[in-house]
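Encoded as structure tokens, the structure appears first; notes follow it.
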Amino acid sequence: MSRNAGSRPRPSRRAGYAFISVGLASAFAITSLPAAYAAPSGTAVIAEVYGGGGNSGATLVRDFVELGNAGSAAYDLSGYSVQYLPGSPSASSQWQVTALSGALAPGGRFLVAEGAGTGGTTAPPEPDATGSIAMSATSGTIALVSGTAALTCKTAADCAADSRIVDLVGYGSAVVREGSGPAAGASNTASVARSSGLTDTDDNAGDFAAQTPSPVNSAGETPGSGDGDGDGDGDGDPSAVTPPRPPVWSRPARAPG
């Protein structure tokens with residue numbers, strides 16, 4: 001779910017409520033109708049979520065969240081954040097925060113790299129923002145938030161009422177999600193992603209499908225086409241920095257005599 005207001009999008013939260021129709025025949029009959037869904041978004045949304053990076057069987061070495069902009073204007077991400085909550089939060093669970101900066105181009109993508117594991121062989125493309133959150137491969141909640149203060153909501157209803165949340169995706173068995181249920185199919189080898197048109201009906205189960213992880217950054221780069229680990233050496237390993245090459249010595253030119 002996403003909202004836009006004025007030249008700079010300011011999020012406001014659409015809360016979903018179940019409508020109850022009460023009909024009178026020979027007696028009252030009460031029927032619960034499906035949760036109301038919003039129209040497709042025209043602004044920034046969470047496009048893809050992957051928490052299996054670096055795990056057993058994974059190809060990519062780190063987790064990521066990809067944002068997308070279905071609108072016709074740039075979306076300013078300065079002061080925004082991507083936040084993560086475990087799928088089944090306890091009383092002590094806290095949202096983890098990765099601050100963002102820059103802008104999301106119209107029709108573009110914005111890649112947020114998160115925690116790296118010891119498995120995998122391929123780096124994602126160079127990220128537009130980098131965090132260190134160790135996301136679950138199978139169950140969790142990601143929120144795009146206006147602000148960098150950690151969220152405090154731990155239920156779907158409470159998060160729906162928080163106007164700072166621009167978009168939210170629960171996957172696996174996440175209790176905090178939008179619509180009829182969380183997005184299904186996330187694993188060590190599969191992400192959950194929106195369709196290419198970034199359709200947003202505020203129903204994670206319907207808007208997202210499992211697929212092979214396919215991160216894209218703001219430059220349009222894909223895995224293998226960028227360094228992806230932030231150290232600039234092209235190996236995808238943030239712990240291994242290639243030392244600078246020593247200068248090449250050459251004999252001074254002989255003065256004419």
Side-chain angles (χ1 to χ4, degrees), residues 1-14 38-51 53 60 62-84 97-114 122-133 135 142-148 163-169 171 178 183 191-202 204 207-209 211-230 232 234 236:
M1 182 198 73
S2 178
R3 283 300 185 101
N4 183 22
S7 58
R8 161 115 185 231
R10 291 180 59 83
S12 61
R13 194 69 176 159
R14 297 186 296 257
S41 171
T43 55
V45 294
I46 298 166
E48 187 175 359
V49 175
Y50 177 58
L60 294 177
R62 66 189 311 164
D63 304 338
F64 70 85
V65 176
E66 182 185 308
L67 307 179
N69 183 356
S72 58
Y75 193 103
D76 187 4
L77 293 172
S78 301
Y80 279 53
S81 63
V82 160
Q83 303 195 19
Y84 170 81
V97 180
T98 298
L100 307 178
S101 62
L104 180 53
R109 298 290 190 270
F110 187 97
L111 185 62
V112 184
E114 294 294 355
T122 304
E126 189 69 24
D128 300 297
T130 302
S132 58
I133 300 172
M135 297 161 51
I142 291 290
L144 173 60
V145 180
S146 174
T148 56
S163 63
R164 295 173 296 167
I165 298 177
V166 179
D167 193 25
L168 182 145
V169 177
Y171 61 96
E178 288 183 342
S191 66
V192 291
R194 293 187 192 273
S195 65
S196 58
L198 299 178
T199 299
D200 180 15
T201 67
D202 289 357
N204 294 162
D207 290 342
F208 285 80
Q211 66 168 40
T212 300
S214 56
V216 179
N217 64 12
S218 61
E221 295 173 330
T222 56
S225 62
D227 183 83
D229 61 24

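These numbers come from a predicted model, not from an experiment.
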- Report the C-alpha distance between Arg62 and Thr130 in whole Å, list the side-chain angles of each, state the deciding distance to 0.1 Å, and finish with yes or no for side-chain contact (heavy atoms from CB on, under 4.5 Å). CA-CA 11 Å; Arg62 66 189 311 164; Thr130 302; 3.8 Å; yes

Evaluate the side-chain proximity of [Y] to [X]: yes if any heavy-atom separation is below 4.5 Å, no if none is.
X	Y	value
Leu67	Ile46	yes
Val169	Glu48	no
Thr98	Ile133	yes
Ser191	Ser214	no
Pro213	Phe64	yes
Glu114	Ile142	no

Please report the interatomic distance [atom1]([X]) to [atom2]([Y]), rounded to the nearest 0.5 Å.
X	Y	atom1	atom2	answer
Ser195	Asp200	OG	CG	10.0 Å
Asn69	Thr43	CG	OG1	7.0 Å
Leu144	Leu77	CG	CG	6.5 Å
Met135	Tyr50	CE	OH	10.0 Å
Asp207	Thr201	CG	OG1	3.5 Å

[X] side chain to [Y] backbone, donor-acceptor under 3.5 Å:
X	Y	answer
Asp128	Leu111	yes
Arg194	Thr199	yes
Ser146	Arg164	no
Asn204	Leu168	yes

- Message: Would you call the rings of Tyr80 and Tyr75 parallel, tilted or perpendicular, taking 30° and 60° as the class edges?
- Response: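 Because their plane-to-plane angle is over 60°, the rings of Tyr80 and Tyr75 count as perpendicular.
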
- Query: What are the two closest non-hydrogen atoms of Ala129 and Ala99, and how far apart are they?
  - Reply: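 Ala129 and Ala99 have their closest heavy atoms at CB-O, 4.3 Å.
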
